[in-house]
Undergrad: 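Take this structure first; my questions come after.
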Amino acid sequence: MIRILLAEDDQVMREYLARALEKSGYAVTAVDRGTAALPLIEQEEFDLLLTDIVMPEMDGIELAQRAGELRPKLRVMFITGFAAVTLKAGKAMPQARVLSKPFHLRDLVMEVDRMFEIGEFEELR
């Protein structure tokens, strides 16, 4: 089963996203900030880091960069409601996907599904 680490500071959004991904067959671990995600990345294997960009303590870009140092094969998808931040994320992590809020849950699941098309996913394992 594909494991996703979700870092989102908004509780309602975090629960909403986690529930949608779990219903689509993904295993989701959800945390409310980047500083809570890092120890999990050190201790456990995840296939995708799905992170909001604008969060207190540590933003999603810094989290993704530090996660990439710890787990180079970890895929990253940013979610954000700020267009200017989207550009910053694209420059900092060009291989990451960026999904702009507001989005429909169907779009999120489709993007995650696309990242893990079976042939592509199996090659990276």
Undergrad: Taking only residues two or more places apart in sequence or in another chain, which ones pass side-chain hydrogen bond (donor to acceptor under 3.5 Å, both in side chains) with Glu15?
TA: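 With neighbours one apart ignored, the set is Gln11.
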Undergrad: Applying side chain to side chain contact (heavy atoms under 4.5 Å, CB included) to Leu99 and Leu108, what does each step give before you reach the verdict?
TA: CA-CA 8 Å; Leu99 195 59; Leu108 170 68; 3.8 Å; yes
Undergrad: Transitively linked via ILVMFWY side-chain contacts under 4.5 Å: Tyr16 with Leu6?
TA: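 Yes; Leu6 is reachable from Tyr16 via cluster members.
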Undergrad: Which pair of heavy atoms, one from Asp52 and one from Glu8, lies closest together, and at what distance?
TA: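 For Asp52 versus Glu8, the nearest heavy atoms are OD2-OE2, 3.3 Å.
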Undergrad: When rounded to the nearest 0.5 angstrom, what distance separates CD1 in Ile79 from CD1 in Ile53?
TA: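 Here the rounded value is 9.0 Å.
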Undergrad: Between Phe46 and Ile4, does the side chain to side chain contact (heavy atoms under 4.5 Å, CB included) criterion hold? Intermediate values first, please.
TA: CA-CA 6 Å; Phe46 292 96; Ile4 298 173; 6.0 Å; no
Undergrad: Just verifying a value: how many Å separate Asp10 CG and Lys101 NZ, rounded to the nearest 0.5 Å?
TA: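 The distance works out to 6.5 Å.
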Undergrad: Measure across Leu63 and Thr51 and return the closest heavy-atom pair with its distance rounded to 0.1 Å.
TA: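 Minimum heavy-atom contact is CD2-OG1, 3.7 Å.
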Undergrad: Taking all non-hydrogen atoms of both residues into account, name the closest pair between Glu42 and Arg71 and its distance.
TA: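 Nearest pair, atom of Glu42 first, then Arg71: O-NH2, 3.2 Å.
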Undergrad: Are Phe116 and Met110 connected in the hydrophobic side-chain network, where two residues link if heavy atoms are under 4.5 Å apart?
TA: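 Per the 4.5 Å side-chain linkage, Phe116 and Met110 are not co-clustered.
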Undergrad: Once salt bridge (charged side-chain N to carboxylate O under 4.0 Å, His left out) is applied, do any residues pair with Arg14, and if so which ones, sequence neighbours excluded?
TA: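 Testing Arg14 for salt bridge (charged side-chain N to carboxylate O under 4.0 Å, His left out), a comparison that skips the adjacent residues, returns none.
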Undergrad: When the side chains of residues 17-28 are checked against the rest of the protein, which donor-acceptor pairs come out under 3.5 Å, sequence neighbours left out?
TA:
unit_1 : atom_1 : unit_2 : atom_2 : d
Ser24  : OG     : Ala20  : O      : 3.1
Tyr26  : OH     : Asp113 : N      : 3.4
Tyr26  : OH     : Asp113 : OD1    : 2.4

Undergrad: Check this for me, if you would: do Glu69 and Arg66 make a salt bridge, where the nitrogen-to-carboxylate-oxygen distance has to be below 4.0 angstrom?
TA: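 Judged by the 4.0 Å cut-off on N to carboxylate O distance, Glu69 and Arg66 do not form a salt bridge.
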Undergrad: Please tabulate, one pair per line, all N/O donor-acceptor pairs under 3.5 Å involving side-chain atoms of residues 32-41, not counting sequence neighbours.
TA:
unit_1 : atom_1 : unit_2 : atom_2 : d
Arg33  : NE     : Thr35  : OG1    : 3.3
Arg33  : NE     : Glu57  : OE1    : 3.4
Thr35  : OG1    : Glu57  : OE1    : 2.4

Undergrad: Between Val12 and Met55, is there shared hydrophobic-cluster membership here, with clusters defined by ILVMFWY side-chain heavy atoms closer than 4.5 Å?
TA: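 No; Met55 is not reachable from Val12 via cluster members.
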Undergrad: Taking only residues two or more places apart in sequence, or in another chain, which ones meet Asp107 in a side-chain contact (heavy atoms from CB on, under 4.5 Å)?
TA: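 Counting only residues at least two positions away or on another chain, Asp107 forms a side-chain contact (heavy atoms from CB on, under 4.5 Å) with His104.
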Undergrad: Of all the heavy-atom pairs spanning Phe78 and Gly60, show the shortest one and how long it is.
TA: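 Smallest interatomic distance, heavy atoms only, reads CE2-O, 3.4 Å.
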Undergrad: Kindly say whether Arg3 contributes a backbone atom to a donor-acceptor pair with the side chain of Asp47 at under 3.5 angstrom?
TA: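 Yes; judged by distance alone, with no hydrogens or angles, the pair exists.
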